[in-house]
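Take a look at the structure below.
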Amino acid sequence: MYSDKVKDHFEHPRNVGEIPDADGVGLVGNQKCGDIMKMYLKIENDVIVDVKFKTYGCGAAIATSSMATEMVKGKTVQEALQITNKAVMEALDGLPPVKVHCSVLAEEAIKAALEDYYKKQGKEPDFKATGCSHCCRKDEA
Amino acid sequence: MYSDKVKDHFEHPRNVGEIPDADGVGLVGNQKCGDIMKMYLKIENDVIVDVKFKTYGCGAAIATSSMATEMVKGKTVQEALQITNKAVMEALDGLPPVKVHCSVLAEEAIKAALEDYYKKQGKEPDFKATGCSHCCRKDEA
Amino acid sequence: MDHFVYADHAATTRIRPEVLEAMMPFLTEHYGNPSSMYEMSDVTEMAILDARRTVAELIGAKPNEIIFTSCGSESDNMALWGILRKKKGHLITTKIEHHAVLHTAEALEKEGYAVTYLDVDKDGLVAPEALEAAIRPDTTLISIMTANNEIGTVEPIRELAAVAKKHKITFHTDAVQAVGHIPIDVNELGVDMLSASGHKFGAPKGIGFLYVRGGVLPLPLIYGGGQERGKRAGTENIAFIVGLAKALELAVAEMEETNRKLTRMRDRLIDGILRDIPYCRLNGSRDKRLPGNVNVSIEFIEGEALLLKLDMAGICASSGSACTTGSLDPSHVLLAIGLTHEVAHGSLRITLGGDNTDEDVDYILEKLPGIVKYLRDMSPVWEDALKNGQAKEYELCTAIK
Amino acid sequence: MDHFVYADHAATTRIRPEVLEAMMPFLTEHYGNPSSMYEMSDVTEMAILDARRTVAELIGAKPNEIIFTSCGSESDNMALWGILRKKKGHLITTKIEHHAVLHTAEALEKEGYAVTYLDVDKDGLVAPEALEAAIRPDTTLISIMTANNEIGTVEPIRELAAVAKKHKITFHTDAVQAVGHIPIDVNELGVDMLSASGHKFGAPKGIGFLYVRGGVLPLPLIYGGGQERGKRAGTENIAFIVGLAKALELAVAEMEETNRKLTRMRDRLIDGILRDIPYCRLNGSRDKRLPGNVNVSIEFIEGEALLLKLDMAGICASSGSACTTGSLDPSHVLLAIGLTHEVAHGSLRITLGGDNTDEDVDYILEKLPGIVKYLRDMSPVWEDALKNGQAKEYELCTAIK
Ligand SMILES: Cc1ncc(COP(=O)(O)O)c(C=O)c1O
Ligand SMILES: Cc1ncc(COP(=O)(O)O)c(C=O)c1O
């Protein structure tokens with residue numbers, strides 16, 4: 001059901017962990033629904049120099065978190081904000097339809113971490129992480 | 001579905017044919033229902049000395065006709081009247097439940113032929129062939 | 001027995017070796033439940049996806065329009081109950097449907113649904129005008145079979161479905177005898193739902209499918225797990241699903257050639273029987289006919305006895321006689337085309353398949369007339385007919401070897 | 001992969017070689033339609049008769065009380081629709097039924113039938129008193145499963161059926177997880193109807209049966225031909241019917257020995273998991289439990305990820321996590337026994353079968369704690385729990401190899 005890329009990122013997730021002195025931390029999802037992502041960003045001169053994540057959730061949630069961290073690393077904040085769930089999915093060679101929401105969660109985790117970064121910097125973010133309103137769904141066997 | 005005896009009597013029916021100068025002829029059944037038996041008896045000194053039949057009908061109808069002719073041959077009229085459908089069935093090692101009515105038809109064919117014999121003799125029969133009211137039925141595949 | 005001829009392919013067919021081969025892995029090592037998470041189940045999940053795609057392509061449908069079922073009867077029941085329970089209304093069907101439709105329609109009547117049973121002509125054909133005339137404002141579903149299982153008549157489905165479409169009524173066709181036998185394209189036919197059963201074309205008994213056009217949403221017949229996109233619950237019979245797809249693939253690939261051969265053999269049989277056996281008629285349309293179907297009524301004899309004698313000669317066939325229909329009456333199809341009970345009892349159906357040969361045809365033509373003669377000679381009805389001049393004594397045609 | 005352990009026998013089982021062997025003739029040379037007249041079909045007709053007799057004997061029923069179906073879901077649907085459509089009324093079932101019953105009950109509700117869903121206790125047990133209290137004057141059918149497919153709880157069916165009998169209400173039990181696994185005698189249990197599915201005990205997927213006590217007369221679910229004495233239409237899946245009978249025969253013959261072994265392995269697993277993994281609980285009754293069922297909730301992690309990690313280690317299992325239930329919510333069974341969504345998401349079901357070994361148990365106990373630790377270390381929920389003192393950091397038990 002999962003692509004080889006997804007499997008690889010699930011099996012060997014990149015950037016797992018915490019950054020104790022992170023410049024931005026984003027927490028999205030909901031344990032009741034079965035998916036929580038927490039993303040830690042270290043930002044220097046507007047560039048994301050380090051990133052870590054922790055995820056509670058299904059295989060796709062872990063893989064998209066992992067891929068998302070890879071994608072933001074080295075990017076400027078503005079570039080990182082452009083990363084869409086679609087881009088994450090594409091980078092993973094696709095997700096089963098029922099797992100698309102996991103990629104949305106990853107996009108939101110980046111946004112939420114950057115929102116936190118803006119706030120910590122005393123800036124008003126001109127975007128808003130909405131978290132993820134959908135829960136994990138497997139429509140078809 | 002049929003016993004070996006039924007198969008044998010169907011494959012090699014005994015006493016098929018007509019007796020042109022029969023002393024009693026019985027015709028029972030109904031083509032609409034799919035079963036007709038015609039039985040010819042030659043009777044001398046109250047003993048059935050010859051018997052023939054013609055049957056239009058299923059395998060069980062032909063086999064029971066054949067068996068019934070075998071059973072009446074050599075019997076007295078009174079003995080022949082005692083032959084029940086059960087006896088015919090037993091002689092054939094049984095019939096499928098849905099074919100039981102064929103044995104009833106055979107019993108009735110004997111009765112009808114004897115009724116005809118009585119009438120030809122100017123005697124009032126103290127029994128009556130009812131023909132067969134059931135049609136061929138196969139309840140279960 | 002000097003020869004064995006299986007000539008009852010409309011009843012069921014043998015599983016083709018290629019089909020069995022395709023199924024075997026799923027009866028042995030690949031046993032994972034397709035709904036499970038682990039990789040072992042990817043194989044079975046993919047196998048079903050592939051089979052669905054194959055079947056869809058072969059009938060011009062989309063994969064998600066195919067619902068696998070356990071048989072043709074289930075497909076028919078699902079179509080009728082599924083649409084009518086969803087949108088209560090009037091059903092139009094015909095008098096010559098298979099019992100899977102007919103008895104379902106009767107059950108629906110008992111539940112309070114109105115049903116119209118269309119008449120057919122002497123060939124078994126349904127007239128589009130008759131269909132149109134039967135439509136009521138509350139008509140919700142029309143169900144007319146593609147090809148009749150007894151007399152082989154192929155209905156004008158495209159014209160009938162067009163009538164339904166004009167009135168925006170869902171159109172279902174029981175194509176159990178047609179799929180794998182004659183070209184079927186759901187879009188060309190214009191049907192909304194179509195039933196098929198694997199064992200009629202070289203797949204095993206116990207697998208079928210229902211095509212349901214996107215947007216047509218029957219209620220399930222079997223509720224439960226999310227299999228078949230929630231339309232049909234039950235852990236999937238993967239092996240048979242794979243087998244059905246394989247069998248259909250083979251049947252469609254070989255259809256043109258097979259049908260050329262079947263048509264030739266069928267016509268030889270029909271002509272030979274009508275030539276060699278007096279007091280005998282062909283049932284069903286001569287030209288709008290399934291390639292492998294022969295159905296004749298042979299007067300003055302009864303069908304079951306005929307089948308048994310044929311069986312003893314190594315020939316497997318079937319009949320619409322009451323003794324074989326499971327009811328008091330002979331085939332409702334034969335009665336619907338105007339046969340009397342008497343004539344219907346003497347019916348014989350021979351259905352050829354791709355594995356039959358010209359020798360089989362010769363053999364049937366060699367054996368049948370003698371058997372008929374034998375049974376007639378034993379029949380009091382024949383005796384009567386001879387006596388009252390209804391029939392004439394005949395010699396067996398010298399053409400018979 | 002150093003080891004492969006299939007431990008999802010409640011999902012499905014592999015066809016046993018003896019079963020496949022028994023089926024093979026009916027997938028090859030014996031293909032005659034059992035309804036046909038010729039001798040070739042006697043073999044298939046007899047095979048079904050034999051299978052019916054075997055199955056009946058093994059559950060204490062009479063042959064004509066067995067109706068073969070295409071799966072457990074069909075059996076359940078037939079029982080519920082068949083009784084309720086016949087005699088409209090109120091249905092009592094439970095909150096922990098399989099979807100084949102639950103979704104059918106919901107569909108019945110949409111058709112206007114009243115349904116009561118009984119609560120269960122924390123072990124998943126239904127109380128006979130609760131059943132009795134739910135009975136209404138118009139209650140027509142009670143349907144309570146024999147054993148739960150997720151948590152393995154075995155219900156007090158004899159007591160529950162006695163309540164039904166006292167009130168003269170038809171009692172159906174979904175015994176899909178019980179037949180072939182624990183002793184089943186329909187008379188001892190006192191049930192009127194019982195559903196089973198072959199693929200849960202070594203027969204193929206796509207065959208099941210419904211036991212219907214003589215005199216109890218549900219309407220058919222699938223109308224059509226006269227197969228199964230008119231109770232279930234469709235050309236019979238002879239091969240699978242034969243396979244089901246063979247599989248049940250083997251399962252019953254070996255049951256005592258197998259269950260001794262399964263119970264021992266199961267208990268070893270439960271004890272080992274509870275010992276080696278903190279923040280973990282057993283779901284379902286400890287003693288009224290299927291011999292092969294282990295179901296635990298492991299906090300702070302999510303079930304699908306756990307299954308994938310186990311799969312990578314060569315272990316096939318299942319979970320009641322929302323990600324695997326096909327709905328927004330985790331398993332309705334886990335919620336019904338009082339688990340929160342959070343805890344239910346972290347559930348793991350391991351179901352052992354006769355082919356599992358002690359080495360398999362060792363292997364699971366070796367791999368599982370490390371995988372759980374790994375996922376917890378990656379889980380922000382675990383991080384939180386540690387920070388707010390809800391949980392304590394732990395070392396893996398040294399007992400683990
Ligand atoms: C308790 C229970 N009932 C019904 C079913 C449905 O069986 P099947 O998948 O054969 O339809 C299952 C298994 O899936 C089950 O565990
Ligand atoms: C026209 C038609 N419809 C439906 C069926 C039922 O198919 P099945 O036996 O697979 O249920 C058959 C064959 O028996 C058939 O010929």
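Here is the naming used below: chain letters follow the sequence lines, and residue numbers restart at 1 for every chain. Atom set for the values below is all heavy atoms of this structure, side chains included, hydrogens, waters and symmetry mates excluded.
Residue Ile36(B) touches chain C through both its backbone and its side chain, counting heavy-atom pairs closer than 4.5 Å. At a 4.5 Å heavy-atom cutoff, the contact between Glu11(B) and chain C is made by backbone and side-chain atoms alike. If you measure heavy-atom distances from Ala60(B) to chain C, the contacts under 4.5 Å come from the backbone alone.
Surrounding NZ of Lys110(C) are at most 12 heavy atoms belonging to other residues, nucleotides or ligands under 6.0 Å away. Taking a 6.0 Å sphere around NZ of Lys387(C), one finds it holds more than 12 heavy atoms contributed by other residues, nucleotides or ligands. More than 12 heavy atoms of other residues, nucleotides or ligands sit less than 6.0 Å from atom NZ of Lys120(B).
Contact of the Lys54(B) side chain with the Trp382(C) side chain is not registered, since no non-hydrogen atoms from C-beta on lie closer than 4.5 Å. In this structure the side chain of Met37(B) never reaches within 4.5 angstrom of the side chain of Pro380(C), judged on heavy atoms. Residues Asp377(C) and Val16(B) have side chains not in contact (no heavy-atom distance under 4.5 Å, counting atoms from C-beta outward).
Without hydrogens or angle criteria, His345(C) side chain to Lys32(B) main chain gives a donor-acceptor distance under 3.5 Å.
For the atom pair Leu375(C) CG and Thr55(B) OG1, the distance stands at 11.0 Å (nearest 0.5 Å). Within the model, atoms SG of Cys33(B) and CG of Asp329(C) stand 8.5 Å from one another, a figure rounded to the nearest 0.5 Å.
Contact detail for Glu302(C) and Tyr56(B): the closest heavy-atom pair is N-CE1, 3.7 Å. The two residues Leu308(C) and Tyr2(B) have their closest heavy-atom pair at CD1-CE1, 3.7 Å. The two atoms that bring Gly57(B) and Ala305(C) nearest to each other are O-CB, 3.2 Å, heavy atoms only. Here the closest non-hydrogen pair linking Pro13(B) and Met378(C) is CG-CE, 3.5 Å. Nearest heavy-atom pair across Phe10(B) and Tyr374(C) is O-OH, 4.3 Å.
The pair Glu383(C)-Lys38(B) meets the salt-bridge criterion, with a side-chain N (NZ, NE, NH1 or NH2) lying under 4.0 Å from an Asp/Glu carboxylate O.
Each of Val381(C), Val343(C), Thr340(C) was scored for a side chain to side chain contact (heavy atoms under 4.5 Å, CB included) with Gln31(B), with one residue passing: Val381(C).
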